[in-house]
Protein chains: 2
Amino acid sequence: MPSDRTRTAILAAAERLYADRGFGDVTLRDIVAAADVNLAAVNYHFGSKDELIAELFVTRSLALNRERLSELRAAEEVRGGRAPIEAVLRALVGPTLRGCLGPDNQRSTAARFMIRVSIESVPPIRRIRNREIDHLRKFVAAMARSLPGCSDVELYWGLHFALAMAQQTVRDSERLTKLSEGKCDVEDVEAVIERVVSVAVMGLTGGGAERKVPARLLARDAR
Amino acid sequence: MPSDRTRTAILAAAERLYADRGFGDVTLRDIVAAADVNLAAVNYHFGSKDELIAELFVTRSLALNRERLSELRAAEEVRGGRAPIEAVLRALVGPTLRGCLGPDNQRSTAARFMIRVSIESVPPIRRIRNREIDHLRKFVAAMARSLPGCSDVELYWGLHFALAMAQQTVRDSERLTKLSEGKCDVEDVEAVIERVVSVAVMGLTGGGAERKVPARLLARDAR
DNA sequence: TTGCAATTCAAACACTTGTATGAAACTATC
DNA sequence: GATAGTTTCATACAAGTGTTTGAATTGCAA
């Protein structure tokens with residue numbers, strides 16, 4: 001049994017550095033310095049830099065999917081397979097938002113690492129990322145159970161927009177804070193989640209056919 | 001007057017390459033090869049790679065802001081200073097979406113370059129990007145004119161979400177297409193714009209205080 | 001044409017990157 | 001405690017990066 005103290009030290013250091021500074025400007029030498037191991041250790045334990053990144057991504061990706069699905073199942077169990085649409089979307093965006101916003105001590109490098117992945121999409125990751133689609137399909141299915149009358153296209157757009165709002169909030173929380181001079185509180189994670197979910201749900205349920213009427217676009221009064 | 005044939009060739013090649021492949025893996029040698037100029041030309045004409053990127057960004061940033069504001073003014077002139085909120089948001093997200101989605105021949109490298117900027121945020125750009133806040137504030141002001149009853153915080157979140165949906169749609173249009181097996185048509189740009197705007201407007205006008213009531217969250221029926 | 005500045009060019013520079021090597025240190029088994 | 005296998009380490013390597021250099025070429029005014 002190999003004493004994988006070095007291995008785990010490298011993984012932890014790499015994840016933190018990638019989460020903080022992105023893949024672009026984190027070198028192997030940065031990682032080994034942070035992990036306090038020798039330069040050659042990465043290639044010895046992982047084979048190459050790319051394989052290190054890939055292992056990191058696979059691990060975290062599975063964990064995130066598991067977390068989302070467990071929240072989803074918990075919500076569906078309450079009502080025998082039909083969770084309210086809010087709960088489905090909350091299971092989708094909650095884990096990421098909770099891990100990335102909120103008080104410092106509660107933020108997980110894992111969640112921030114996954115956001116990096118969603119931003120930069122470096123080659124070793126791009127090859128694996130297809131599995132994400134299958135994962136998201138499970139949520140589309142759950143959304144369909146919540147909103148039986150809703151068309152597939154609307155569900156896809158709704159999920160897409162929900163993820164968009166969640167990810168952008170994480171990615172650009174700084175800009176939002178600056179723009180609003182602190183009036184938008186991104187530290188209150190649960191409030192942010194409710195906000196994202198609520199807008200997404202309105203997009204799913206509120207719109208409908210009315211959206212396609214172009215005559216209305218310039219006719220509405222500014223009130 | 002310097003014959004800036006080389007200069008413009010470099011700018012065009014660089015913009016296209018950055019738009020296509022990102023800042024991460026485009027080297028000076030790629031650029032000069034595409035522009036068919038000598039390697040030293042970049043440093044001769046621009047001083048450094050970073051200054052080339054900065055010039056590209058400043059130029060395009062000003063152009064995009066100008067385009068947005070001209071759409072906004074056009075919309076506000078119709079009703080003497082109070083455009084419908086839909087028109088304001090359309091002026092915000094329209095230019096980017098039109099330039100990045102839609103038929104190939106109509107896509108602009110400029111718009112795709114700006115999306116890259118919003119994704120990668122390389123150091124020379126990060127230093128300049130603060131001006132963006134001032135630009136966005138003008139839109140917040142216009143939104144306030146459209147929705148006088150709306151609180152500032154809601155306006156900030158509304159603008160934030162609108163940009164989030166627009167940018168994510170551009171960035172991840174491929175995933176949405178795959179996920180929906182082509183059923184979500186991102187080529188119909190005007191429809192996408194209306195969709196983004198409509199959801200954002202619902203978020204601004206539909207929600208209100210009701211959003212804060214937690215009791216409702218699990219109580220809604222799945223039907 | 002001559003002369004001079006602006007521009008182009010090939011080559012080299014200094015530096016950083018990920019990876020490979022072979023010796024040293026360690027660990028556990030006999 | 002000797003030995004074989006695993007892990008660490010300092011060091012070197014090849015490839016690629018942005019930048020610099022100084023000579024060659026061009027373009028244009030006198």
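Note: hydrogens, waters and symmetry copies are ignored here, and every other heavy atom, side chains too, is used. What you are looking at is a predicted structure, and each value in this text was computed from that prediction instead of being measured. Residue numbers begin at 1 in each chain, while the letters A, B, ... track the order of the sequences.
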ask   = Should we count CZ of B:Arg131 as having more than 12 external heavy atoms under 6.0 Å?
value = no
ask   = Is there a donor in the side chain of B:Glu51 and an acceptor in the side chain of B:Ser48, or the other way round, less than 3.5 Å apart?
value = yes
task = Counting heavy atoms from C-beta on, name the nucleotide in C:dA10, C:dA12, D:dT6 closest to the side chain of A:Tyr44.
result = D:dT6
message = I need the CG-C1' distance between A:Leu39 and C:dT17, as an integer number of Å.
response = 10 Å
message = Assuming nearest nucleotide by heavy-atom distance, tell me which of A:Asn38 and A:Thr27 is located more 5' along DNA chain C.
response = A:Thr27
ask   = Does a nitrogen or oxygen in the side chain of A:His45 sit under 4.0 Å from OP1 or OP2 of D:dT6?
value = no
Integer-rounded Å distance: C:dG18 P and A:Asp30 CG = 8 Å
message = Which nucleotide wins on minimum distance to the side chain of B:Asn43, given the candidates C:dT21, C:dA12, D:dT20?
response = D:dT20
request  = Calculate the interatomic distance between A:Leu28 atom CG and D:dT11 atom P; express it in whole Å.
outcome  = 19 Å
task = Using whole Å, report how far CZ of A:Arg7 lies from C1' of D:dT7.
result = 14 Å
Value in whole Å for how far the P atom of C:dT27 lies from CZ of A:Arg5 = 11 Å
ask   = From C:dG18, D:dT8, D:dC9, pick the nucleotide closest to the side chain of A:Thr6?
value = D:dT8
Nearest heavy atoms of B:Ala19 and B:Arg116, plus distance in Å = O-NE, 3.2 Å
inquiry  = Rounded to whole Å, please give me the gap between CG in B:Asp50 and P in D:dT17.
reply    = 15 Å
task = For the side chain of A:Arg29, starting at C-beta, report the closest nucleotide among D:dA10, D:dA12, D:dG18.
result = D:dA12
inquiry  = What I'd like to find out is whether the side chain of A:Arg66 reaches to under 4.5 Å of the side chain of A:Leu69, using heavy atoms alone.
reply    = no
inquiry  = If I take atom CZ in residue B:Phe46 and atom P in nucleotide D:dG18, what distance separates them, rounded to the nearest angstrom?
reply    = 15 Å
request  = Return the value, rounded to whole Å, for the distance between atom CG of B:Asp25 and atom C1' of C:dG18.
outcome  = 16 Å
query = When you check the side-chain N and O atoms of B:Arg16 and B:Thr109, is any donor under 3.5 Å from an acceptor?
reply = no
